[in-house]
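So you know, we letter chains A, B, ... as the sequences are listed, proteins then strands, and number each from 1.
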Amino acid sequence: MAAGAVGGSSASSTYREARGWLLLPAWSVLLFFSLAPVIMMLVYSFLTKEHRGGVIWEFSLAAYDQFFLDRGLFGDEPPRIQWTYIAIFWRSIWQAGAATLMSLAVGFPTAYFIATRPAKARPLWVFLITIPYWVNLLIRTVSMKFLLREQGPLNDFLLWTGAIDSPLQIVNTNLAVQLGLFYSYLPFMVLPIYAAVERYDFALSEAAADLYASKWTTLRRILLPAVKPGVVAGCILVFVPSLGSFLAPDLLGGARNFMIGSLIEEQFKGNAGNWPFGAAASMILLTLVLLLLLAFARQQARAERRS
Amino acid sequence: MARRSDLRAIPGFRALTLLCLFVLYAPLIVVTIYSFNASASITSWEGLSLRWYWDVFTGPESGKFKTAAANSFLIAISAATISTTIATLAATGMIRTGRFRARSLSFGLISLPLMVPEIVTAVATLIFFNAIALERGLLSILIAHVVFCIPFAYLPISARMQGIGPAYEEAALDLYATKRQTFTRILLPLMAPGIVSGYLLAFIVSLDDFIITNFVKGAGVETLPTAIFGAVKRGIQPNIMAISTLLLGLSILLVTLSWLVSKSDTTK
């Protein structure tokens with residue numbers, strides 16, 4: 001048949017008549033249990049809170065008001081900007097950004113090294129990088145805490161080598177959270193960069209070298225622009241889950257290193273028990289993430305057009 | 001010429017790759033080693049022992065862990081089965097029915113659970129279950145798991161399907177097989193490695209989930225990750241390290257299986 005020969009397998013239309021039935025289960029499950037919940041969350045963020053969790057079905061802007069505005073202890077002062085929650089968001093952005101940079105510093109060389117191995121050896125390297133991702137995130141975070149803790153193996157080792165005189169206090173600092181996030185999402189940085197470098201045609205750098213470009217110039221002007229979409233994808237894939245993460249700040253950060261994830265969790269599981277506020281904070285986080293993904297999609301589309 | 005291959009080998013990158021692997025594996029290896037520690041304290045090493053594994057299965061907390069493990073496996077098997085079925089049908093609908101307008105929209109919907117931050121999904125699902133008055137328990141956990149397992153099952157399945165040319169099915173149809181026979185006797189067997197790989201990934205993702213489960217589970221219902229989290233909140237105990245080692249060993253085993261299966265390509 002011509003369709004298969006011309007358009008490759010993606011143009012196959014063997015089951016055209018059954019399309020609706022084939023897609024119906026996925027559509028109904030995802031519309032009902034993935035999209036509808038997000039819409040319901042938006043609705044709940046505009047409702048009135050019930051004191052021990054749950055909502056009263058009455059329209060209210062209180063959640064967003066509480067997030068952005070400070071009206072004093074009794075709510076009768078002229079509103080000023082409430083910095084508490086903005087600061088928590090800002091700290092989350094900062095922590096996620098630091099973790100992203102750390103992942104990039106280690107992930108880029110790793111991806112590059114793997115992509116320049118012989119073609120047969122690459123899948124095994126990639127597999128070695130992905131294995132830890134499939135291990136329970138909770139267990140990985142607990143392992144990190146075990147390793148970093150004051151009387152943990154890392155401090156024991158450093159004391160033994162004489163590099164330090166007294167144990168380092170790493171757990172319950174910003175650094176511990178950054179290390180935890182870095183460790184959680186490092187494979188996400190490696191994979192897209194690897195894909196980009198693997199596609200890169202090294203004949204281009206050879207051509208540049210033949211035209212007397214220095215190694216550094218070739219790297220900066222030829223290779224980096226070619227692999228930039230992969231780098232951006234890797235940064236997004238690390239930054240986005242880091243931003244809303246709960247386990248790393250909760251287990252490694254302690255009370256002073258509160259991030260968005262903990263703020264939201266506390267509204268539903270903890271003592272705060274303010275569902276509309278939790279829904280509003282989730283909506284703000286979701287909006288931030290979707291804006292980022294939108295910018296990313298446009299950047300990728302631009303890169304696609306250029307090549 | 002040496003200069004030509006210059007950019008392929010950048011000095012120091014091999015060392016950084018080894019550092020990367022070290023960072024990824026060191027915490028897991030350390031916990032595995034300490035899970036065999038004979039000591040009741042997690043700080044001192046007193047020699048090798050299976051004491052804490054024994055404790056996991058027969059100790060005072062073993063009942064709690066067994067119930068949690070049973071829940072976890074029940075949910076993981078059901079969620080993986082349902083989501084793999086849905087994903088297989090969806091992949092056929094996406095890749096074997098020609099071009100259609102809602103295709104990118106469908107793909108967006110399938111990958112939606114991957115784009116929304118986990119904590120947001122957790123909140124949204126809890127709120128939704130509350131709004132439709134669904135009681136929180138095993139069923140609510142299962143529904144939530146099916147949703148986020150779908151994209152994980154879909155990706156290897158659709159990748160596999162894209163790699164199978166339409167010729168086999170066309171041959172079957174030319175030989176007067178019905179569409180249904182072509183689907184069940186030709187496409188599905190060819191798809192088997194992709195389906196197994198997708199099933200195993202969905203199983204692992206369900207078994208490992210903590211955040212969403214923690215939100216949608218009812219009081220008193222525990223899965224392994226929520227039971228472990230509860231225990232860790234009171235401090236890391238040696239039996240937790242043993243149970244963590246078992247769980248991480250299982251994940252590594254399954255993902256290795258999934259990798260081997262998807263690598264074995266019978267059509268080439």
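Residues A:Pro153 and B:Tyr34 approach most closely at CG-CE1, 4.0 Å, considering heavy atoms. Residues A:Trp275 and B:Ile127 come closest through the heavy atom pair CE3-CG1, 4.2 Å. Here the shortest heavy-atom pairing between B:Val120 and A:Ser282 reads CG2-O, 3.8 Å.
Put simply, the side chain of B:Asn130 does not reach to within 4.5 Å of the side chain of A:Met40, judged on heavy atoms. Contact check for B:Ile150 versus A:Leu30: side-chain heavy atoms found under the 4.5 Å cut-off. Looking at A:Pro187 and B:Leu24, their side chains come closer than 4.5 Å, going by heavy atoms from C-beta outward. Residues A:Leu285 and B:Ile119 have side chains in contact (heavy-atom distance under 4.5 Å, counting atoms from C-beta outward). A heavy-atom distance below 4.5 Å is not found between the side chains of B:Leu16 and A:Phe113. Here the side chains of A:Asn136 and B:Leu248 are not in contact, with every heavy-atom distance at 4.5 Å or above. In this structure the side chain of B:Cys20 reaches within 4.5 angstrom of the side chain of A:Leu186, judged on heavy atoms. Residues A:Trp125 and B:Thr17 meet the side-chain proximity criterion, which asks for heavy atoms closer than 4.5 Å.
Neither the backbone nor the side chain of B:Leu250 comes within contact range of chain A, judged by heavy atoms closer than 4.5 Å. Within the 4.5 angstrom heavy-atom criterion, no atom of A:Gln267 approaches chain B. Contact annotation for A:Phe33: both backbone and side-chain heavy atoms come within less than 4.5 Å of a heavy atom of chain B. Contacts of B:Ile110 with chain A are made by both backbone and side-chain atoms, with heavy-atom separations under 4.5 Å. Contact annotation for A:Leu251: only side-chain heavy atoms (C-beta onward) come within less than 4.5 Å of a heavy atom of chain B. Heavy atoms closer than 4.5 Å to chain B are found in both the backbone and the side chain of A:Leu124. For B:Tyr154, no part lies under 4.5 angstrom from a heavy atom of chain A. With a threshold of 4.5 angstrom between heavy atoms, B:Thr182 approaches chain A through its backbone and through its side chain. At a 4.5 Å heavy-atom cutoff, the contact between B:Ile236 and chain A is made by side-chain atoms alone. In this structure, the portion of B:Phe210 lying under 4.5 Å from any heavy atom of chain A is its side chain and not its backbone. Using a 4.5 Å cut-off between heavy atoms, A:Val142 contacts chain B through both its backbone and its side chain. Using a 4.5 Å cut-off between heavy atoms, B:Phe148 does not touch chain A at all. Heavy atoms of B:Leu21 lying under 4.5 Å from chain A belong exclusively to its side chain. Interface remark: B:Glu169 contributes side-chain atoms only to the contact with chain A (heavy atom separation under 4.5 Å). B:Val232 touches chain A through its side chain: at least one heavy atom from C-beta onward sits under 4.5 Å away, while N, CA, C and O do not. A:Leu147 touches chain B through its side chain: at least one heavy atom from C-beta onward sits under 4.5 Å away, while N, CA, C and O do not. Heavy atoms closer than 4.5 Å to chain B are found in both the backbone and the side chain of A:Leu128. With a 4.5 Å cut-off on non-hydrogen atoms, B:Thr32 does not touch chain A at all.
Here OG1 of A:Thr14 is found 8.0 Å from CG of B:Leu187. Values are rounded to the nearest 0.5 Å. Once rounded to the nearest 0.5 Å, the distance linking CD1 of B:Ile228 with CD1 of A:Ile139 reads 4.5 Å. Distance check, rounded to the nearest 0.5 Å: CG of A:Leu247 to CG of B:Asn214 gives 9.0 Å. Atoms OG and OH, on A:Ser143 and B:Tyr25 in that order, are 13.5 Å from each other to the nearest 0.5 Å. With rounding to the nearest 0.5 angstrom, the CD1 atom of B:Ile86 is 7.0 Å from the OG atom of A:Ser28. The line from CZ of A:Arg19 to CG of B:Leu89 is 15.0 Å long, rounded to the nearest 0.5 Å.
Contacts with chain A were tallied for B:Val123, B:Leu247, B:Ile211, B:Ile243; B:Val123 has the most, counting heavy-atom pairs under 4.5 Å. Top candidate by heavy-atom pairs under 4.5 Å with chain A, chosen from B:Thr92, B:Val31, B:Leu109, is B:Leu109. Chain A forms more heavy-atom pairs under 4.5 Å with one residue of B:Phe229, B:Phe100, B:Phe183 than with any other, namely B:Phe100. Counting heavy-atom pairs closer than 4.5 Å to chain B, the top residue among A:Phe182, A:Trp27, A:Trp57 is A:Trp27. Your options are B:Val116, B:Ile240, B:Ile143, B:Leu19, and the one with the most heavy-atom pairs under 4.5 Å with chain A is B:Ile143. Among the candidates A:Phe108, A:Phe246, A:Tyr183, the residue making the largest number of heavy-atom pairs closer than 4.5 Å to chain B is A:Tyr183. Of the listed residues (A:Trp21, A:Phe32, A:Phe127), the greatest number of heavy-atom pairs within a distance under 4.5 Å of chain B belongs to A:Phe127. Chain A forms more heavy-atom pairs under 4.5 Å with one residue of B:Leu18, B:Thr256, B:Leu207 than with any other, namely B:Thr256. Of the listed residues A:Met144, A:Arg140, A:Met283, A:Gln151, the one with more heavy-atom pairs under 4.5 angstrom with chain B than any other is A:Gln151.
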Worked check of side-chain contact (heavy atoms from CB on, under 4.5 Å) between B:Val255 and A:Tyr133: CA-CA 10 Å; B:Val255 79; A:Tyr133 166 73; over 6 Å; no
Pair B:Leu201-A:Trp134, side-chain contact (heavy atoms from CB on, under 4.5 Å): steps then yes or no: CA-CA 8 Å; B:Leu201 294 190; A:Trp134 296 106; 3.7 Å; yes
Derivation and outcome, side-chain contact (heavy atoms from CB on, under 4.5 Å), residues A:Phe146 and B:Val30: CA-CA 8 Å; A:Phe146 180 77; B:Val30 164; 3.6 Å; yes
Test side-chain contact (heavy atoms from CB on, under 4.5 Å) applied to A:Ile131 and B:Trp259, step by step: CA-CA 10 Å; A:Ile131 285 181; B:Trp259 186 66; over 6 Å; no
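The backbone N or O of A:Tyr15 sits nowhere less than 3.5 Å from a side-chain atom of B:Lys179 that would complete a donor-acceptor pair.
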